[in-house]
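Below you'll find the structure, written out as structure tokens, and then a few comments.
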Amino acid sequence: MTAQELFNEAREFCESNADAALVEKYSRYFKEGVYDAWGVSQALFETKWKELIKEKKVDVPLVIEAAPLLFESGKYEETSFVLIIIKELPKQYNREVFDAIGKMFDYGLYNWAHADTLGMMIMPKFLKQGIVEISDFLPWLVSPYKFQRRTVPVTLIKSLKTTADFTALFNMLEPLMSDPEREVHQGMGWFLREAWKLNHDVTEEFLLKWKNTAPRLIFQYACEKMTKEDKLRFRKEKA
């Protein structure tokens, strides 16, 4: 199968199984307004990507080659084909695949769901396999693309369970505490909430450092599991 053939098959499948009612149903989860989808049901979509993998029609290099074609329309499911197939084939990961994923933000990956698929299900595997180090994500922190920046703290959530040095992770992610984008605030707050569950003291020290200057949405997420009394400690002080 060629990249063009994969694109043609994916497009035909999506067109044949489109459902406008599903588009309307799921669009409410994308408040930033970026949900352009065919409306393919999850069950049908899963059946299709499993078929492609089982029949060995696709591999990671092929979907990376096809990614510009699949991303071009902006349709949710076409982008999802790329990410799900990559997710399911971790034995094919290498440094070139990591670099290729980073470049995908140049021409696609325009919503939180796809960014979080990367952060939760794909990028941690590169770290686990030793293909890259945490420091390899530093360039992502200054990316012009907000969802690439968001992917970094989401990726590092799993690293919280494998390192005792939370301070090093906090120091690395500190630039995101001043990020201008809401979606990045959500990702950073999520990371800090998970960090707090594992180490109250170090996380709270970091939060106190930023409580008067960082966006409040970060604290809304980070403090979500705290008691009402504890949350009060992280309120912004009045000028």
Side-chain angles (χ1 to χ4, degrees), residues 1-20 22-23 26-27 30 34-132 136-137 139-140 143-152 154-155:
M1 177 178 278
T2 66
Q4 185 66 53
E5 288 170 340
L6 174 58
F7 167 75
N8 292 342
E9 186 167 338
R11 172 62 61 85
E12 182 180 352
F13 166 79
C14 290
E15 288 180 335
S16 300
N17 294 282
D19 186 341
L22 287 179
V23 177
Y26 291 111
S27 62
F30 296 81
V34 185
Y35 186 66
D36 183 6
W38 291 103
V40 179
S41 72
Q42 183 175 350
L44 286 173
F45 185 76
E46 182 174 340
T47 298
K48 184 60 179 178
W49 64 253
K50 284 185 175 180
E51 171 198 312
L52 289 169
I53 293 175
K54 184 177 181 180
E55 295 181 5
K56 297 185 178 179
K57 291 184 177 181
V58 296
D59 57 17
V60 171
L62 175 61
V63 295
I64 288 174
E65 183 183 353
L69 293 171
L70 289 163
F71 287 6
E72 186 175 8
S73 72
K75 292 293 187 182
Y76 185 86
E77 294 88 349
E78 293 179 23
T79 298
S80 295
F81 268 117
V82 175
L83 300 182
I84 294 299
I85 292 170
I86 291 175
K87 176 181 78 72
E88 293 296 315
L89 299 173
K91 291 182 179 180
Q92 297 180 20
Y93 292 3
N94 54 41
R95 180 66 197 219
E96 289 72 28
V97 173
F98 176 84
D99 292 338
I101 290 173
K103 293 176 182 177
M104 287 180 183
F105 290 92
D106 291 338
Y107 53 87
L109 304 180
Y110 300 139
N111 64 66
W112 64 265
H114 286 141
D116 289 356
T117 296
L118 277 178
M120 292 188 293
M121 302 178 183
I122 297 176
M123 308 318 293
K125 295 177 183 178
F126 284 88
L127 291 168
K128 185 176 181 179
Q129 294 183 42
I131 295 169
V132 299
D136 288 304
F137 288 94
W140 291 35
S143 167
Y145 308 113
K146 62 183 178 181
F147 290 112
Q148 188 166 20
R149 302 196 302 274
R150 175 190 172 112
T151 299
V152 182
V154 176
T155 295

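What's counted below: heavy atoms across the whole structure, side chains too, no hydrogens, waters or symmetry copies.
Between S41 and L22 the shortest side-chain heavy-atom distance falls below 4.5 Å. When side chains are defined from C-beta on, R11 counts as touching S73, because their heavy atoms get closer than 4.5 Å. Within the 4.5 Å cutoff, the side chain of S16 has heavy atoms near those of the E12 side chain. Between F137 and L127, the closest side-chain pair of non-hydrogen atoms falls below 4.5 Å. Looking only at side-chain heavy atoms (C-beta outward), F30 and Y76 come within less than 4.5 Å of each other. Put simply, the side chain of V58 does not reach to within 4.5 Å of the side chain of E9, judged on heavy atoms.
In this structure, D36 and K75 approach most closely via the heavy-atom pair OD1-NZ, 2.8 Å. Contact between C14 and E78 at its shortest, heavy atoms only, is SG-CG, 4.3 Å. Annotation for Q148 and G102: closest pair NE2-O, 3.4 Å, computed over non-hydrogen atoms. Closest of all the heavy-atom pairs between A66 and L6 is CB-CD2, 3.9 Å. Summarising the geometry of I122 relative to L83, their closest heavy-atom pair is CD1-O, 3.4 Å, with the distance given to 0.1 Å. Annotation for Q129 and Y93: closest pair NE2-CD2, 3.8 Å, computed over non-hydrogen atoms.
Between K91 atom NZ and L89 atom CG the span is 10.5 Å, to the nearest 0.5 Å. Here I85 contributes atom CD1 and L52 contributes atom CG; the two are 5.5 Å apart, rounded to the nearest 0.5 Å. Summarising the geometry, atom NZ belonging to K54 is positioned 14.0 Å from atom CD belonging to E88; distances are rounded to the nearest 0.5 Å. From I86, atom CD1 reaches atom OG1 of T117 across 11.0 Å, with rounding to the nearest 0.5 Å. Annotation: the span from W49 atom CH2 to L44 atom CG amounts to 13.5 Å, rounded to 0.5 Å. Considering OG1 of T79 and CZ of F71, their distance stands at 5.0 Å, rounded to 0.5 Å.
Formation of a donor-acceptor pair under 3.5 Å by the E77 side chain with backbone atoms of A37 is not found in this model. Side-chain N or O atoms of Q92 include one that pairs as donor or acceptor with a backbone N or O of V60 at under 3.5 Å. Judged by distance alone, the side chain of D116 and the main-chain N or O of G119 form no donor-acceptor pair under 3.5 Å.
A salt bridge does not link K57 with E5: none of the charged nitrogens is closer than 4.0 Å to a carboxylate oxygen. Salt bridge annotation for D99-R95: present, with a cationic side-chain nitrogen under 4.0 angstrom from a carboxylate oxygen.
In this pair, F105 and Y145 present their aromatic rings parallel. The plane angle is below 30°, not in the 30 to 60° band. Ring geometry, F45 versus F81: the interplanar angle falls from 30° to 60°, so the pair is classed tilted.
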Go through L118 and V154 one step at a time and tell me if the side chain to side chain contact (heavy atoms under 4.5 Å, CB included) criterion holds. CA-CA 9 Å; L118 277 178; V154 176; over 6 Å; no
Pair M123-V152, side chain to side chain contact (heavy atoms under 4.5 Å, CB included): steps then yes or no: CA-CA 9 Å; M123 308 318 293; V152 182; over 6 Å; no
In sequence, state the C-alpha distance, the side-chain angles, and the governing distance for V40 and F13, and then conclude on side chain to side chain contact (heavy atoms under 4.5 Å, CB included). CA-CA 9 Å; V40 179; F13 166 79; 3.8 Å; yes
One pair to check against side chain to side chain contact (heavy atoms under 4.5 Å, CB included): F147 and L109. What are the steps and the verdict? CA-CA 7 Å; F147 290 112; L109 304 180; 5.7 Å; no
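Within a 6.0 Å sphere centred on CD of E72, other residues, nucleotides and ligands contribute 12 heavy atoms or fewer. The environment of OH in Y26 is sparse: at most 12 heavy-atom neighbours from other residues, nucleotides or ligands sit within 6.0 Å.
A side chain to side chain donor-acceptor pair (under 3.5 Å) with E46 is found for exactly one of Q42, K50, K48, namely K50.
A donor-acceptor pair shorter than 3.5 Å can be found between the side chains of N8 and Q4.
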